[in-house]
Amino acid sequence: MIKITLKDGSVKEAEQGATILEVAKSIHHGLAKEAVAGKVNGKVQGLDYKLEDDCELEILKFEDEDGRHTFRHTSSHVLAQAVKHLFPEAKLGIGPAIDNGFYYDFDLEHRFTDEDLAALEKEMAKIVQANYPEERFELPREEAIQFMEEKQEPYKVELIRDLPEDAVISFYKQGDFTDLCAGPHMPSTGAIKAIKLMSVAGAYWRGSEKNKMLQRIYAVSFPKQKQLDEYLEKLEEAKKRDHRKIGKEMDLFAFFEEGPGFPFFMPNGMILRNELETFWRQAHRERGYQEIKTPLILNVEMWHTSGHWDHYKDNMYFTKIDDNDYAIKPMNCPGSMLAYKRKMYSYRDFPMRVAEMGQVHRHELSGALHGLMRVRTFTQDDAHIFMLPEQITSEIVGVIDFVDYVYNLFGFKYHIELSTRPEDSMGTAEEWEVATNALKEALDGKGIPFIINEGDGAFYGPKIDFHLEDCLGRTWQCGTIQLDFQIPQRFDLTYIGSDGEKHRPIMLHRVIFGSIERFIGILTEHFAGKFPLWLAPVQVKLLTVTEKFAEYAEELGNKLSNEGLRVEVDVRNEKIGYKIREARNERVSYIGVIGEKEMESGTLTVRSSKEGELGTLNLDDFIAKLKKEIEEKAY
RNA sequence: GCUGGUGUGGCUCAACGGUAGAGCAGCUGAUUUGUAAUCAGCAGGUUGGGGGUUCGAUUCCCUCCACCAGCUCCA
């Protein structure tokens, strides 16, 4: 007998060699029914995995992330099997589970159409119906290669060849289909009751644009049809929050064919933007930042000095002035370096925090543009912090806290990534290591979890990235902290130390919002257009029941307006239901209805976009409520 | 940039080898109305641009542009 410690801490005895499924059955019949995999001493295993020693065991259901991955990984094999049935000439790429589903890559001359996807769904249903058991087997390297060569799967052969010498090479067989796979898998294909093939997209083999582009089929699967229906419904709901849709509906911003990737901000959008900037300036003043503004265009020589010419010119726009070459800035740092160099500094001046709302232009690939999230001109809420070596950690921590404060203000969830040295970079390995460690230590010191994003740093230094989610759960980098030993060298920045000698300052680049444009995109989707009151383009809209009350409504409107509130008054000769409907569609924060009883009692009947009906309030109470809400930046 | 898809009045969409239609929005008039659409009338489009096939193209073909999904890239 072996001892199995379960997730709740209880200990269960079982015969040596018992499978996870058998243990699940012995705990509860229902649990065994829902089980999709197990976690043995922290490692995910299939339900048929035999427990040989004392261990910790967690039974995984579809609701558990690891369980869901196993379920969908098996789903991807079902997809591949279906494709092989219908398109035997298709060559297999890879087919992993991802956060919200799974995909499989195929190399195939024929292009998958919507009709093909429908046919594949049917074929997959047959495979599920057949309930093929998943049979695992291992092969030595040469045999494995030979096996896949015989099946004419060149991509699989390449994968096997690239596996480390000592790797166990395993395969999973389900009916007439066998795939190279580390597993684990479901015991059989039968549990995958609901499958939806979502889309086909091109994807480079192994993620490199130098390789052939394969066809990737994205899909989702669930144990129950109902779960799939709910998922699809949720997706539809999420799409209603899309900032491109809401931006149009609320008239916040616009794009025109004349300027792809160049957003126009409309009056309502400018209110949001200006409120954000006002808040930003105040918050920076409180934290000891100065503010500057540097030009959009500087000569090309300077971009050689900064290193941008060598490492970034494909993303830059250029222009000529009097036959001399100039570039439009893609980043604010070089301008900030010139500003720094205008005078001498003492170590006593440090840390020196210099902020800039800087508009930059970058040539992004046409296919990468996405509403306000990725544009070709955007405003970074930039700052450069010049400091002494011993100030590095406290400054980084200060910025992390600043970002956290701002994101919490909106109730954002975020995750942090640490991006390390890219292939195309400046500086020595030692400098990169020191800089990377400084960032890492600051995060570790605060006990903040982060993931490492290898090779994704800026060309001049490693960075901490703060990622926020959009309506579909896609994440976008917003805040970033970048430690830079390179650009201060290139511009020969100095300060006078306590020893009277010249030294090189350490510099930090950082943004909080990241880009105002992207941040507004995220805000819009996060709040579905129902912005916190302090940001709302229209805070109050007064609606008259009939034209009789127009004069009184205008008078109230003026009073509210004089209190600094953004007010509109709708005195049109329309039914009150119609006006309410319209105001709601405009996502006005507070709707005030004014009719006979309100005029007599000097009140208004209020409806909040977030709280619904609030009843009848007198004007002073209403103003006080709104002012408090604005003051608190409540959301 | 790459792969696939889409492009019809301000918005959402219909039609289709025979020269475009609806709803909403807009304008005009009537209605004076109590919590998500009052009624009627009017106006609005060289069907993304260019080229080709055809007696005839919005429809078929080519090309360019933009947008959407994904890849690559990134704030």
Side-chain angles (χ1 to χ4, degrees), chain A residues 98 103 105 111-114 117 198-218 239 242 244-245 248-249 251 254-261 312 314-315 330-332 358 360 362-382 419 422 453 456-458 463 465-468 472 474 476-480 482 509-519 521-522 543-550 572-585 591-598 605-607 612-613:
Chain A
I98 50 177
Y103 66 80
D105 289 344
R111 298 295 160 186
F112 290 120
T113 62
D114 285 350
L117 293 189
M198 305 295 286
S199 61
V200 185
Y204 299 107
W205 168 240
R206 298 194 130 183
S208 169
E209 60 185 328
K210 294 184 185 75
N211 291 338
K212 183 163 186 186
M213 183 166 266
L214 310 180
Q215 293 188 77
R216 174 171 297 177
I217 299 182
Y218 282 92
K239 282 183 188 157
D242 191 312
R244 291 166 298 190
K245 181 174 160 67
K248 201 181 269 180
E249 286 169 2
D251 202 18
F255 287 91
F256 302 99
E257 277 200 19
E258 289 81 350
Y312 210 74
D314 290 348
N315 281 298
M331 297 187 194
N332 301 301
V360 297
R362 299 183 182 177
H363 178 69
E364 296 295 339
L365 294 175
S366 58
L369 302 178
H370 183 101
L372 287 182
M373 302 298 199
R374 188 177 286 115
V375 288
R376 285 180 172 153
T377 182
F378 57 98
T379 303
Q380 294 184 301
D381 62 319
D382 219 337
S419 294
N453 203 349
D456 209 33
K463 55 183 188 174
D465 305 328
F466 298 79
H467 295 252
L468 295 172
L472 292 177
R474 294 173 291 210
W476 298 89
Q477 183 188 317
C478 289
T480 162
Q482 312 180 344
H509 311 246
R510 51 104 282 188
V511 287
I512 308 288
F513 295 143
S515 101
I516 298 266
E517 289 76 5
R518 179 176 288 183
F519 201 78
I522 296 276
L543 315 180
T544 49
V545 174
T546 74
E547 284 179 336
K548 253 189 286 179
F549 316 108
R572 289 175 306 163
N573 173 22
E574 295 287 351
K575 293 181 86 168
I576 191 68
Y578 179 82
K579 294 198 213 180
I580 285 170
R581 178 185 148 79
E582 221 172 50
R584 286 181 61 120
N585 287 341
I591 296 169
V593 173
I594 292 159
E596 192 71 45
K597 68 174 192 238
E598 287 83 5
T605 301
V606 181
R607 175 173 199 153
E613 300 274 3

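Chain letters run A, B, ... following the sequence lines, proteins first and then strands; every chain starts at 1.
We find that CG of Asp251(A) is positioned 13 Å from C1' of A25(B), with the value rounded to whole Å. Taking atom CZ of Arg572(A) as the reference point, atom P of U38(B) lies 11 Å away to the nearest angstrom. We find that NZ of Lys248(A) is positioned 15 Å from C1' of C24(B), with the value rounded to whole Å. Here the C1' atom of nucleotide A36(B) and the CG atom of Leu543(A) are 12 Å apart, to the nearest Å. Atom CD of Glu582(A) and atom C1' of G26(B) are 12 Å apart (whole Å).
Rounded to the nearest Å, the gap between the C1' atom of U63(B) and that of G44(B) is 31 Å. The C1' atoms of U58(B) and G18(B) are separated by 12 Å, rounded to the nearest whole Å. Spacing of C1' atoms, U46(B) relative to C42(B), comes out at 23 Å, to the nearest Å. For the P atoms, the distance linking U47(B) with G51(B) amounts to 13 Å, nearest Å. Comparing the P positions of A15(B) and G21(B) gives a spacing of 14 Å, expressed to the nearest Å. Going from the P atom of U53(B) to that of A57(B) covers 11 Å, rounded to whole Å. Taking atom P in both U59(B) and U8(B), the straight-line distance is 13 Å, to the nearest Å. The gap from the C1' atom of G7(B) to that of G48(B) amounts to 6 Å, rounded to the nearest Å.
When heavy atoms are screened at a 4.0 angstrom cut-off, Thr113(A) is found touching no nucleic acid atom at all. Note on Glu574(A): a base of the nucleic acid sits closer than 4.0 angstrom, heavy atoms only. Across all strands shown, Glu613(A) has heavy atoms under 4.0 Å from base atoms, whether or not it also approaches the sugar-phosphate. No contact: Lys579(A) has no heavy atom under 4.0 Å from any strand. Counting non-hydrogen atoms under 4.0 angstrom, Glu258(A) reaches nothing in the nucleic acid.
Counting heavy atoms from C-beta on, the side chains of Glu517(A) and Thr379(A) come closer than 4.5 Å. Side-chain contact between Asp105(A) and Trp205(A) is absent, with no heavy-atom pair separated by less than 4.5 Å. Residues Tyr218(A) and Ser199(A) form a side-chain contact, since some pair of their non-hydrogen atoms from C-beta on lies under 4.5 Å apart.
Across all non-hydrogen atoms, the minimal contact from Gln215(A) to Val200(A) is OE1-CG1, 4.0 Å. Here the closest heavy-atom approach between residue Asp381(A) and residue Gly514(A) is recorded as OD1-N, 3.0 Å. Across all their heavy atoms, Gly457(A) and Pro422(A) have their closest contact at O-CG, 3.4 Å. Across every non-hydrogen atom of Leu468(A) and Phe519(A), the tightest pair is CD1-CE1, 4.0 Å. Ser515(A) and Phe378(A) get closest at one heavy-atom pair: CB-CD1, 3.2 Å. Closest non-hydrogen pair, Val511(A) versus Asp382(A), comes out as CG1-CA, 3.8 Å.
When the nucleotides U38(B), G34(B), U35(B) are ranked by their closest atom to the side chain of Glu598(A), G34(B) comes out on top.
Using a distance-only test at 3.5 Å, with no hydrogens or angles considered, a donor-acceptor pair links the side chain of Arg362(A) to the main chain of Pro330(A).
For residues 369-378 of chain A, the side-chain hydrogen bond (donor to acceptor under 3.5 Å, both in side chains) pairs, not counting sequence neighbours, are Gln359(A)-Thr377(A), His361(A)-Thr377(A).
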(message) For nucleotides 60-75 of chain B, give me one character per nucleotide, 5' to 3': B if any protein heavy atom sits under 4.0 Å from the base, S if the only such contacts are to the sugar-phosphate, - if neither.
(response) -----SSSSSBBBBBB

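Where Lys548(A) and Asn585(A) meet RNA chain B, the nucleotide closest to each residue was compared, and Lys548(A) sits on the side nearer the 5' end. Where His363(A) and Lys597(A) each meet RNA chain B at their nearest nucleotide, the meeting point lying more 5' is that of His363(A).
Scanning atom types as modelled, one donor and one acceptor separated by under 3.5 angstrom connect the side chain of Glu547(A) and the base of U32(B).
Under 4.0 angstrom from either OP1 or OP2 of U35(B) there lies no side-chain N or O belonging to Arg607(A). Under 4.0 angstrom from either OP1 or OP2 of U31(B) there lies no side-chain N or O belonging to Tyr578(A).
A stem is defined here as three or more consecutive Watson-Crick or G-U pairs, each with both distances under 3.5 Å; for RNA chain B these stems are B:1-7 with B:65-71, B:10-13 with B:21-24, B:26-30 with B:38-42, B:48-52 with B:60-64.
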